[in-house]
Structures are given as C-alpha cells and as structure tokens.
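Have a look at the structure below, then the notes.
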Number of protein chains: 2
Amino acid sequence: MVVDLPREGEADALFHALADATRRDILTRVITAEQSVSALARHYPMSFAAVQKHVTVLERAALVTKHKRGREQVVHVNLDAVRRATRLLDAYEQLWRQRTTAIDRILKEDREGK
Amino acid sequence: MVVDLPREGEADALFHALADATRRDILTRVITAEQSVSALARHYPMSFAAVQKHVTVLERAALVTKHKRGREQVVHVNLDAVRRATRLLDAYEQLWRQRTTAIDRILKEDREGK
DNA sequence: TTAACGTACAACCACATGGTTGTAGATTTG
DNA sequence: CAAATCTACAACCATGTGGTTGTACGTTAA
C-alpha cells in the first residue's frame, strides 16, 4: 500500500499560509462565523491593509474564499483545504508506519529463519 | 467539549518548516532512513551549506534531531512533531464541527458582548 | 447629495529567507 | 604524516514577507 504525497506547489502555499499566528487566528474566526474583511481587521492591532494581505495569502492557499455582499467582502472558510493539509501530514505518518512495518516484517522473517 | 489550539510559537516554526518543498523532501528521506547531512545534500541541486540551513529549520521546529557519529552528523526524524502538526489541523476541523453546537453559539454571543 | 464606510492597490520600509562562497576545525583514510 | 571528508559558521546578495501610509473608487446611510 503506497502513499503518494500531494503535489509540491499546493503544499507550499498551504503551509506558508498556516505559518503565521494572525492568519491562523483569522482562519479560526472565519470557521466560527463568516465575517467581512473590515470586521476581521477590528480584532487585530494592525492596519486594514495588513489584514487584507493576510486574507489574500489564505485565499492563495484556497483556505478561504471571498464573496461580495453590498460594499463588504465576506470571507468564508474552505474546509476541504484544511482537510487536504491534514491528510498531507497523515501521509507522512503513514510513510513512517510503512518503514516500521517493513522493518518489523524483516526482523520477524529473520527470526523465523527465512 | 472545547478544543484548545496549541501555543502559537510552536505552530509558527512547524508550519514554516513544512512550507518548503526541499525541507519536506528531506523529511521524507529521513523518515525512510536516517542520513548524514552530506548524504542528504548530494540529492539536491544546491550547496551543502544550503541543505545545512534547511536541516536547521527542521531542527528548530523539532521535526528532526541531529546526532554525531564520527565526523558525520546524522539526521533523525521526530515523529511526535509530525503528529503534533496533524493534531493541530484536526483541531481546526473540530472547531468547524463545534460551530453548529449550542455551546459555540453561546460563546459567539459572549464574544460579541451580548 | 454629501458623508461615511469598505475595499483595492500602489509605494515604501525593515527584516527574514534561501541561496551563494569562503574559511576553519574535527575526524577518517591512504 | 598528508590528504580527503564532514561539519560549522560568517559574510554577502537577491528576493520575499509583514507591516505601514496614501489614494481612488464603489456602496450605503443621513
């Protein structure tokens, strides 16, 4: 049972997006309830433009999407992307398991004199 | 059941370390079989020093550790860190699930000062 | 219609990042 | 021993990142 890891380009954007505390916090807030960019910006000690950039990074990683509602831009979470990241890391764990089970098998066969 | 996300500082280093294709590849190789830094370096079209830096980044994230063996520095994987990252993302998924619960509605109203 | 709000985007800045080369110190190997 | 190998680390460079301010434009509210 071979585990193949996802394409490299995707993962770059995904992990980069998650590698910032502000962006993870935005993600958490948006998971809890969709919000406009300006509503999000009020929660952080930085400019609106800075928050706008963070949302763009999350967007590039497909973790969120934006939809216009009047003059607002509402940020939605894309849970599939979160699941993709989780599965990506699961793949690393499985790689490890493949290695250890392979070693176990060899040791066992050795023990049984094969 | 409330899910608490890990400390921010840890996650920064973890995701940052994973946000580079070369580092993920190093991690994969080391999971498959422990290797010296110079052995790893032979696989990439970059200098030994560059690979050394990548290993340092993985080390800072606690994804790998180094042990001296003669004149070599052997890189080992730390699977616990991989698991920590996986659980971190699982927590986001759980947050999503909590979104529809009554408890989460109450917390949300509280956060909005109602 | 004006004023206020929400957004987009450009220009700019300090600093981190990913790469390089070069030098020096341990440790093996011939 | 001398030579080759592996590592550590500093200096340097181009580019990216996270932040700022300023300006412009569509939308809502008074």
Side-chain angles (χ1 to χ4, degrees), chain A residues 8-30 33-77 85, chain B residues 7-30 33-77 85 112:
Chain A
E8 297 296 359
E10 286 180 66
D12 278 19
L14 238 170
F15 287 126
H16 169 65
L18 292 170
D20 179 279
T22 302
R23 286 195 290 267
R24 288 193 302 273
D25 195 74
I26 289 175
L27 189 61
T28 307
R29 288 184 192 277
V30 172
E34 322 180 314
Q35 293 177 60
S36 69
V37 178
S38 57
L40 285 169
R42 282 183 215 110
H43 294 91
Y44 306 100
M46 65 184 74
S47 69
F48 169 80
V51 174
Q52 231 181 351
K53 284 189 182 182
H54 281 305
V55 171
T56 300
V57 172
L58 289 168
E59 238 184 329
R60 272 208 309 265
L63 282 165
V64 303
T65 53
K66 287 190 299 187
H67 295 92
K68 245 185 164 162
R69 190 177 60 193
R71 67 184 162 189
E72 291 180 336
Q73 200 74 270
V74 183
V75 182
H76 304 254
V77 72
Chain B
R7 300 187 144 285
E8 297 294 1
E10 284 179 69
D12 278 18
L14 238 169
F15 287 125
H16 169 66
L18 292 170
D20 180 278
T22 302
R23 285 195 292 267
R24 288 192 303 274
D25 196 74
I26 289 175
L27 189 62
T28 307
R29 286 183 192 278
V30 172
E34 324 180 313
Q35 292 176 63
S36 68
V37 179
S38 58
L40 285 169
R42 282 181 216 113
H43 293 91
Y44 305 100
M46 65 185 74
S47 68
F48 169 81
V51 174
Q52 231 181 351
K53 283 189 183 181
H54 281 305
V55 171
T56 301
V57 172
L58 289 168
E59 238 184 329
R60 272 209 308 265
L63 283 165
V64 305
T65 54
K66 287 189 301 187
H67 295 92
K68 243 184 163 160
R69 191 177 59 194
R71 67 185 162 187
E72 292 181 336
Q73 199 74 271
V74 183
V75 183
H76 304 255
V77 73
E112 291 172 353

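Naming convention: chains lettered A, B, ... in sequence-line order (proteins, then strands); numbering from 1 in each chain.
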Item to check | From B/Leu58 atom CG to B/Leu14 atom CG, the distance as rounded to the nearest 0.5 Å | outcome: 10.0 Å

Checklist outcome for this item: Here the distance between atom C1' of C/dT17 and atom CE of B/Met46, to the nearest Å, is 13 Å

Item to check | Atom-pair distance (CG on A/Asp12; C1' on C/dT17), nearest Å | outcome: 13 Å

Next on the checklist: I need the B/His16 NE2 to A/His16 NE2 distance, nearest 0.5 Å.
Outcome noted: 10.0 Å

Checklist outcome for this item: Residue pair A/Val51/A/Gly70 against DNA chain D: nearer the 5' end by closest nucleotide is A/Val51

Checklist entry - Checking all strands, does B/Ser36 fall into the base, sugar-phosphate, or nothing category for heavy-atom contacts under 4.0 angstrom? => result sugar-phosphate

Checklist entry - For DNA chain D, what is the dot-bracket line, given that a base pair needs Watson-Crick (N1 to N3, plus N6-O4 or O6-N4) or G-U wobble (N1-O2 and O6-N3) geometry with both distances under 3.5 Å, and | means paired with another strand? => result ||||||||||||||||||||||||||||||

Item to check | From C/dG18, C/dA4, C/dT28, nucleotide with atom closest to A/Arg71 side chain | outcome: C/dA4

Checklist entry - Heavy atoms under 4.0 Å, any strand shown: does B/Ser47 hit a base, just sugar-phosphate, or nothing? => result base

Item to check | Nucleotide C/dC9, atom C1' - distance to CD of A/Gln52 in whole Å | outcome: 8 Å

Checklist outcome for this item: In this structure, CZ of A/Arg23 is separated from CG of B/Asp12 (nearest 0.5 Å) by 9.0 Å

Checklist entry - Is there a donor-acceptor pair closer than 3.5 Å between any side-chain N or O of B/Gln73 and the backbone N or O of B/Lys68? => result yes

Checklist entry - When we call it a touch if two heavy atoms are under 4.0 Å apart, what does A/Arg69 touch: a base, just sugar-phosphate, or nothing? => result nothing

Item to check | Under 4.0 angstrom between A/Ser38 side-chain N/O and C/dT7 OP1 or OP2 | outcome: yes

Checklist entry - Along DNA chain D, 5' to 3', what are the outermost nucleotides having an atom less than 4.0 Å from a heavy atom of chain A? => result D/dT17 to D/dT28

Checklist entry - Between A/Glu59 (CD) and C/dT7 (C1'), how many Å, whole number? => result 13 Å

Checklist outcome for this item: In this structure, CD1 of A/Ile26 is separated from CG of A/Leu63 (nearest 0.5 Å) by 11.5 Å

Checklist entry - Using 30° and 60° as the class limits, which term best fits the ring planes of B/His76 and B/His67: parallel, tilted or perpendicular? => result perpendicular

Item to check | Sugar-phosphate only, base, or nothing, as touched by A/Lys68 at under 4.0 Å among non-hydrogen atoms | outcome: nothing

Checklist entry - Could you give the CD-to-P distance, from B/Gln73 to C/dG25, as a whole number of Å? => result 18 Å

Checklist entry - In whole Å, what is the span from the CZ atom of A/Phe48 to the P atom of C/dA4? => result 18 Å

Checklist entry - Looking at B/Asp20 and B/Arg24, does any basic side-chain N land under 4.0 Å from a carboxylate oxygen? => result no

Checklist entry - Starting at OH of B/Tyr44 and ending at P of C/dG18, how long is that distance when rounded to a whole Å? => result 15 Å

Checklist entry - Roughly how many Å is it from NE2 in A/His16 to C1' in C/dT17, rounded to a whole number? => result 11 Å

